[in-house]
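Everything below concerns the one structure shown next.
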2 protein chains.
Amino acid sequence: MARNLKPPPQRAAARRGRPETGQSAHNILDVAERLVQTRGYNGFSYADIAAELGVTKASLHYHFASKADLGRALIERYDAAFAHSLAAIDQRFTLPGDRLRAYVALYESVIRGQRMCLCGMLAAEVSTLPAPMQKQLNAYFDANESWLGQVLAAGRRRGELQFAEPARERARAMIGALEGALLVARVYGDARRFRAAVDPLIRDVCGAPPPMRRRRISPG
Amino acid sequence: MARNLKPPPQRAAARRGRPETGQSAHNILDVAERLVQTRGYNGFSYADIAAELGVTKASLHYHFASKADLGRALIERYDAAFAHSLAAIDQRFTLPGDRLRAYVALYESVIRGQRMCLCGMLAAEVSTLPAPMQKQLNAYFDANESWLGQVLAAGRRRGELQFAEPARERARAMIGALEGALLVARVYGDARRFRAAVDPLIRDVCGAPPPMRRRRISPG
DNA sequence: GTCTATAACGAGATAGAC
DNA sequence: GTCTATCTCGTTATAGAC
């Protein structure tokens, strides 16, 4: 295959005698996560991760025997991190309206770097994914619907939020809208499109404009 | 490679002396379109199309020299068909509210067969697509925003529809919501989830419940 | 316009040395 | 844990016969 023997890769990270076995897996997941969020599960390979980390593909297979294993680990970690974020919102905010806006901000933080929500991206490719990953996706969206549904229900009880249908149904609508706003905004490479597409829907359930102050028009 | 020589493929379609050169391309596009809508651009191959049509991969390359060519043709046709559907809506309906609901029905027709909107699917993979396809995606969403924005603006002028922000902005929100509703409903393999996620957002702009009659709960 | 055959490459994955 | 080396298969694409 006409290989030109190149000098040894000069690993970036290695070289320290650290007994922690979790460090490498963590780095692998970080890179893989970004690749899935930007290119999709079928749009990246072990070679991409290996090149970025300065290791070989074989080394990756030591940590994640198959791509399906890696995929499962990705959703698992993402789902856990999301649950953690929701718990943090619950702790920090009391008013349902504030919780709702913090939830939206969570999605907004994703689009920086042109990323899609990990599970939204995988949702597009769902029919090509191994069954375990499909089940994890269901669980992810179920958990989101459940949390947001409760926030919305509480908000309506307090008279802070308004909507006609069951809270769970409105939660479904909003989660879909958030995912779709990410999806379309990425086409234009413009993160501001996300807010522009989402704010109207927030206003529909809140009576008043979202935060206390309006955002500025120009960068500043 | 231990090939077991199988009998000749027994083509399904061929065998007729038809001079139309466009027929094959049309069939190829039909299959490719469904594959992209269900599996994504990076989730199918020429081999998949060839197997389904009972032809060889080489034969496909005669009609679409590269996968990028095929991709471009797919968006072009899809975009044209969508424009045609919008023109048909304009002709058939006069009231903005009716046009809006017909627009939503267009999306709803997509999810049967577990399909995603072609351009919504490609939007997820946008960073892996050849530049021409990316530009086509922009044009597609621009056209949608433009059409829907005009419908919404007209509806508000008549007092039929209600929303606070510029019509174009509301159009952006609704298109994102529709794409996202498709995206998430597919995870559950449940087309009804689409309507459940979209109806609340329709009701927010229409004063009244969508159609004259409510849909039935059971199949019938 | 479709075929056979094959090139050229990349994918996921494994064996075994270190 | 990471490496080299290799395997097998799938992918896009081309050449040239029919």
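Sequence lines set the chain letters: A, B, ... in the order given, protein chains first and strands last, and positions in each chain run from 1. Everything quoted here is computed from the prediction, not taken from an experiment.
- Look at A/Thr56 and you won't find any side-chain N or O under 4.0 angstrom from OP1 or OP2 of D/dT2.
- For the ring-ring contact (aromatic ring centres under 6.0 Å, His included) test, residues two or more places apart in sequence or in another chain that qualify with B/Tyr103 are B/Tyr107, B/Trp147.
- For the pair A/Tyr41 OH and C/dA11 P, the computed distance is 14 Å after rounding to whole Å.
- Listed by chain and number, the residues in a side chain to side chain contact (heavy atoms under 4.5 Å, CB included) with A/Gln114 are A/Arg186 (sequence neighbours excluded).
- The salt bridge (charged side-chain N to carboxylate O under 4.0 Å, His left out) search around A/Asp48 returns none, not counting sequence neighbours.
- Spacing between atom CG of B/Leu60 and atom C1' of D/dT11 amounts to 13 Å, rounded to whole angstrom units.
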Per-nt protein contacts along nucleotides 13-18 of chain D (heavy atom under 4.0 Å; B base, S backbone sugar-phosphate only, - none) come out as BBB---
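- Legend: residues meeting side chain to side chain contact (heavy atoms under 4.5 Å, CB included) with B/Gln136, ordered by chain and number and at least two apart, are B/Arg72, B/Ile75, B/Glu76, B/Met133.
- Listed by chain and residue number, B/Leu148, B/Leu152 satisfy the side chain to side chain contact (heavy atoms under 4.5 Å, CB included) test with B/Ala171 (two or more places apart in sequence, or in another chain).
- Rounded to an integer number of Å, the gap from A/Asn27 CG to D/dT2 P is 10 Å.
- The CD1 atom of B/Ile49 sits 13 Å away from the C1' atom of D/dT11 (whole-angstrom rounding).
- Aromatic ring orientation, B/Phe82 versus B/Tyr78: tilted (interplanar angle from 30° to 60°).
- Among the nucleotides C/dT2, D/dC3, D/dT12, the one closest to the side chain of B/Tyr62 is C/dT2.
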